Amino acid sequence: MALFRISYVRSSSFRLKIPALSTLQLSTVSSADLFYGHLQKNIGNVEKTLATVKTKLDSGCVNQVLHKCSFELSQMGLRFFIWAGRQPNYRHSSFMYSRACEMIGIHGRPGLLFNVIEDYRREGCLVDIRIFKIMLNLCKEAKLAKEALSILGKMPEFHLRADTTMYNLVIRLFTEKGEMDMAMELMKEMDSVDIHPNMITYISLLKGFCDVGRWEDAYGVFEAMKEKGCEPNTVVYSVLLNAASRHGTMEKLMEVLEEMEKHGGTRGPNTVTYTSIIQRLCELGQPQEALKILDRMEEYGCAPNRVTVSSLIKEFCKNGHVEEAYKLIDRVVARGGASYGDCYSSLVVSLVKMKKIAEAEELFRNMLANGVKPDGVACTLVIKELCLEERVLDGFNLCNEVDRNGYLSSIDSDVYSLLLVGLCEHDHSVDAAKLARLMLKKGIRLKPYYAESIIKHLKKFGDQELVMNLGGIRNDKQN
DNA sequence: ATAGGGTTAG
């Protein structure tokens, strides 16, 4: 089979570290090479030649091309990334944006962005608003506020106008750096060119001013938005309430909350609003006050969720009042806001964090015994903790227990490698082989960091077939 | 867009 032949060419060290290559990845190798080939030639308007590569673009392919370019063709890599982002039926995910930033090295060399703009101009490429949007999103990932602003400034040269979302992105970058004067200036600029700030613009500014403690200015934004006919909503009030809880007085906060409750509708408090108050009260060491807010929340008809419950549970555990946590869980579940699975998982996590491992483990086992499904964090943390305590067999058994209950999907894939390396190092060859087979069956990859050690041990155990399979290579005579 | 345990494979 052609697909397998490709894998033979790989060097043996690479083969051991990258297990279970899917056919999808193998089949995109050649299209990434094709793209890269065109980029290397570096003839003008490379986008035209890229378009001749007839292949379905996917994130794996984009990733590979960027990787190839990352050694000495960063600028071409950037140009490819921008081109790819404009193709129909493909959109860069935010993960791809952050990968691209890393591989292109935008952070260290933001000048590449401007070089590419110059290339487009020189080569007479068609430059549209989407190119600028992709560049701005790269700036967002790399947290480059000044560069984003410069890119915005380049648009008129191509007879393009930024829209509200583009301004919002740049404003957000400045507010996150606490550069509020620049953010304000940008909002004023929007007004002057007749691009209207929206709710998101105002909320960014409001939050920014609150974060740096400029209350007067925050209030100014609040007034300004009303003047412009943008009525403050639940989110706006929640931001203000959050600020009041961090810097202001609790009395003022309660006044605002009351106002929100009376007004209701688009301004009525929601789960996030109440949860942030409960969190603050917990941080202040006032769990009883926090419980009163919980009552109030339910009276208003707002259901607490896992975030609400977990902040209370955390506080109870911190004070050693685990019984209170159990009482709270029964109550919340009875009202239908969150499930036992969610709540007990939060409790397990809190107990592990408090280093009450025995209690966490007991609860976790009780959950399994009673058909309550633990979430991913709880499973992962408990098993990791057991590995850390050199109780790798217990960890493995627990993993099997989770599997038997059909909750396998809630274990983080990294945990398997951790367990496997532990079993190997403790010479539990039978269990190691069992776990390795389970991983193969489930298609779980070896974590590269542990792969070499695991394969070394499995070889020592004499299970050649398993080694080959885990290495992602079929045990073939030609090999 | 406002809260938040640890994150997918790229």
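Naming: A, B, ... by sequence-line order, numbering from 1 per chain. None of the values given here were measured: they were computed from a predicted structure.
Atom-to-atom, CD of Gln279(A) to C1' of dG5(B) comes out at 11 Å; the value is rounded to the nearest Å. Look at CG on Asp211(A): it is 11 Å from C1' on dT2(B), rounded to the nearest Å. Atoms CG (Asp342(A)) and P (dG4(B)) sit 18 Å apart, rounded to a whole Å. Between the CD atom of Glu315(A) and the P atom of dG4(B) there is a distance of 15 Å, rounded to whole Å.
The stretch residues 300-323 of chain A participates, sequence neighbours left out, in no ring-ring contact (aromatic ring centres under 6.0 Å, His included) pair at all. Within the structure, side chain to side chain donor-acceptor pair (under 3.5 Å) pairs that include any residue of residues 275-284 of chain A comprise Thr275(A)-Thr308(A), Arg280(A)-Glu283(A) (at least two apart or interchain).
With sequence neighbours excluded, no residue satisfies side chain to side chain donor-acceptor pair (under 3.5 Å) with Ser350(A). With sequence neighbours left out, the side-chain contact (heavy atoms from CB on, under 4.5 Å) criterion links Glu102(A) to no other residue. Here Asn63(A) pairs with Arg99(A) under the side chain to side chain donor-acceptor pair (under 3.5 Å) rule; sequence neighbours left out. When the ring pair (Phe, Tyr, Trp, His ring centres under 6.0 Å) test is applied to Tyr340(A), the partners found at least two apart in sequence or on another chain are Tyr344(A). Qualifying ring pair (Phe, Tyr, Trp, His ring centres under 6.0 Å) partners for Phe80(A), counting only residues two or more places apart in sequence or in other chains: Phe35(A), Trp83(A). Judged as a ring pair (Phe, Tyr, Trp, His ring centres under 6.0 Å), and not counting sequence neighbours, the contacts of His247(A) are Trp215(A). His67(A) pairs by the ring pair (Phe, Tyr, Trp, His ring centres under 6.0 Å) definition with Phe71(A), not counting sequence neighbours.
Of the residues near DNA chain B, Ser59(A) and Ile203(A), the one whose nearest nucleotide (by heavy atom distance) lies more toward the 5' end is Ile203(A). Nearest-nucleotide positions on DNA chain B place Ala378(A) closer to the 5' end than the other of Ala378(A) and Met96(A).
In this structure a side-chain-to-backbone donor-acceptor pair under 3.5 Å is present from Asn137(A) to Lys133(A).
Annotation for Lys226(A): atom NZ counts as buried by contact number, over 12 foreign heavy atoms lying within 6.0 Å.
Residue ring and base: Phe95(A) counts as stacked with dG10(B) (centre distance below 5.5 Å, interplanar angle below 30°).
Contacts with DNA chain B (heavy atom under 4.0 Å) in residues 221-234 of chain A: Asn233(A), listed by number. Taking a 4.0 Å limit (strictly below) on heavy-atom distances, residues 256-275 of chain A reaches DNA chain B at Asn270(A), Val272(A), Thr275(A). Listed in residue order, the members of residues 345-355 of chain A having a heavy atom less than 4.0 Å from DNA chain B are Ser345(A), Ser346(A), Val349(A), Lys353(A).
Applying the 3.5 Å distance criterion, the base of dG5(B) shares a donor-acceptor pair with the side chain of Arg306(A).
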